[in-house]
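Everything on this sheet refers to the single structure shown next.
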Amino acid sequence: SFRRQHAASHPCDLAVGVIHSRKLLPPPVIAAVQGPCMADLADLGAQSLGVWRIEDALACLSRWQVHDRVATGVWQRPFPAVYADGGVVLTAEQWATAATLASAPRRAAVRPASETGGGARGARAHVDTVAVLRSAARVWQLPLVDDADPSTGATEASLHHVSVTRAAHSGPLRSLTVPADLVAPTLPPTLLRHRFALEEHDIVRRPSGLWITTPLRTAVDCCALLAPDAAVCLLDFCLRTRLVTLEQLHAELNVRREPV
């Protein structure tokens, strides 16, 4: 990977090599510092689709080293305290994962999907962050014409949505915008947090470990958010591809609860 290729040749690591050559530190000390750190770096994001949090990085690097990796392009920062390999165009699912990690309670450990059995019922009770609205629609590959529409000038591709519980964020929900020079998209990404009344049947866990609203819930939520023509396009796609049925849409709308 990009991270593996650059780990041993990074300026920080070269500096360690210089210290070793000047014999300011004995070889066993250098091995203890350098060996485990490089192994941990290679494993960053292994359980979260190639995206990781600051807590994971600080387990083997200093804050200055983390900042330096972002400044030199070795890493990118999609959202505050969330990182990915530099030079990589993040997929829709990676963006959604980054958004949920940025919204999760601090110090929350990233657990592999195997530990909770994918869509295990018991795991749903402990979900603090769920990708919703446009973020969920992109993962399900639903058409969002206003993500980039030259005819109307709409550029909503930089908007990312997460539903959080009060346990994750007890205070007011605020949007986050990352400086444009730290990320790849033309427009800086904006993370929008919501508190949705999500039932157990409204969410599912992807093989990557990402919690996300179901296609049905995603489609209905988006209809309350998107412009009318964009909502029609999305619903038409869902019905034509039988991702959802008309009966399911009617049933969902009949018990519809507006997000808080």
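Along the sequence shown, residues carry numbers from 1.
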Self-check item: His250 backbone acceptor or donor facing Asn254 side chain under 3.5 Å
Solution: yes
Exercise. Using the ring of Trp95 (Phe, Tyr or Trp, six-membered ring only), decide whether Arg134 places NZ or CZ under 6.0 Å from its centre and within 45 degrees of its axis.
Key: no
Exercise. Report the C-alpha distance between Gln248 and Leu246 in whole Å, list the side-chain angles of each, state the deciding distance to 0.1 Å, and finish with yes or no for side-chain contact (heavy atoms from CB on, under 4.5 Å).
Key: CA-CA 5 Å; Gln248 288 175 322; Leu246 192 59; over 6 Å; no
Self-check item: Residues Cys233, Asp229; criterion side-chain contact (heavy atoms from CB on, under 4.5 Å); working and verdict
Solution: CA-CA 6 Å; Cys233 181; Asp229 56 340; over 6 Å; no
Practice problem: Could you tell me which non-hydrogen atom of Cys222 sits nearest to which non-hydrogen atom of Ala137, and how far apart they are? | Solution: SG-CB, 4.1 Å
Practice problem: May I ask you to test the Val139-Arg206 pair for a side-chain heavy-atom distance under 4.5 Å? | Solution: yes
Self-check item: Taking every non-hydrogen atom, the tightest pair across Val89 and Gln94
Solution: O-OE1, 4.2 Å
Quiz prompt | In one Ile/Leu/Val/Met/Phe/Trp/Tyr side-chain cluster, 4.5 Å: Leu253, Leu239 | solution = yes
Self-check item: Shortest non-hydrogen contact between Pro78 and Ala84, atoms and distance
Solution: CD-N, 4.2 Å
Quiz prompt | Atom pair OG (Ser135) and CD (Glu93), whose distance is rounded to the nearest 0.5 Å | solution = 11.5 Å
Quiz item: Of the options Val220, Val244, Thr218, which is the one that meets Cys238 in a side chain to side chain contact (heavy atoms under 4.5 Å, CB included)?
Solution: Val244
Quiz item: Side chain of Ser103, backbone of Thr100: donor and acceptor closer than 3.5 Å?
Solution: no
Quiz item: Can you find a pair of side-chain heavy atoms, one from Thr214 and one from His201, that are under 4.5 Å apart?
Solution: no
Quiz item: What is the distance from atom OG of Ser158 to atom CG of Leu191, rounded to the nearest 0.5 Å?
Solution: 11.5 Å
Quiz item: Run the side-chain contact (heavy atoms from CB on, under 4.5 Å) check on Ile212 and Ile203 step by step: do they pass?
Solution: CA-CA 5 Å; Ile212 185 175; Ile203 62 176; over 6 Å; no
Quiz item: Would you say the side-chain atoms of Gln65 pair up with the backbone N or O of Ser62, donor to acceptor, closer than 3.5 Å?
Solution: yes
Quiz item: What distance do Leu61 atom CG and Asp68 atom CG have between them, rounded to the nearest 0.5 Å?
Solution: 10.0 Å
Quiz item: Looking at side-chain heavy atoms only, is the closest gap between Asp85 and Gln76 below 4.5 Å?
Solution: no
Quiz item: When clusters are formed by joining ILVMFWY residues with side-chain heavy atoms under 4.5 Å apart, either directly or through shared neighbours, do Leu49 and Trp211 land in the same one?
Solution: no
Quiz prompt | For Arg242 against Thr245, the heavy-atom pair lying closest together | solution = NH2-CG2, 4.1 Å
Quiz item: Can you check whether Thr213 reaches Val130 side chain to side chain, under 4.5 Å on heavy atoms?
Solution: yes
Exercise. Would you give the length of the straight line joining atom OG1 of Thr165 to atom CZ of Arg195, rounded to the nearest 0.5 angstrom?
Key: 8.0 Å
Quiz item: Closest heavy-atom contact between Ala96 and Leu210?
Solution: CB-CD2, 3.8 Å
Practice problem: Apply the test side-chain contact (heavy atoms from CB on, under 4.5 Å) to residues Asp128 and Val164: give CA-CA distance (whole Å), side-chain angles for both, the deciding distance (0.1 Å), then the verdict. | Solution: CA-CA 6 Å; Asp128 288 312; Val164 300; over 6 Å; no
Quiz prompt | Contact check, side chains of Asp202 and Phe196, non-hydrogen atoms, under 4.5 Å | solution = no
Quiz prompt | Close side-chain approach of Val51 to Val82, heavy-atom, < 4.5 Å | solution = yes
Self-check item: Minimum side-chain heavy-atom gap Glu55-Leu58 below 4.5 Å
Solution: no
Practice problem: Enter the distance from Tyr83:OH to Trp52:CH2 here, rounded to the nearest 0.5 Å. | Solution: 10.0 Å
Quiz item: Hey, is the main chain of Val70 close enough, under 3.5 Å, to the side chain of Arg77 for a donor-acceptor pair?
Solution: no
Exercise. Determine whether more than 12 heavy atoms belonging to other residues, nucleotides or ligands lie under 6.0 Å from atom CZ of Arg240.
Key: yes
Quiz prompt | Atom pair CG (Leu198) and OG (Ser163), whose distance is rounded to the nearest 0.5 Å | solution = 4.5 Å
Practice problem: Report yes if the side chains of Leu142 and Arg138 come closer than 4.5 Å at any heavy-atom pair, otherwise no. | Solution: no
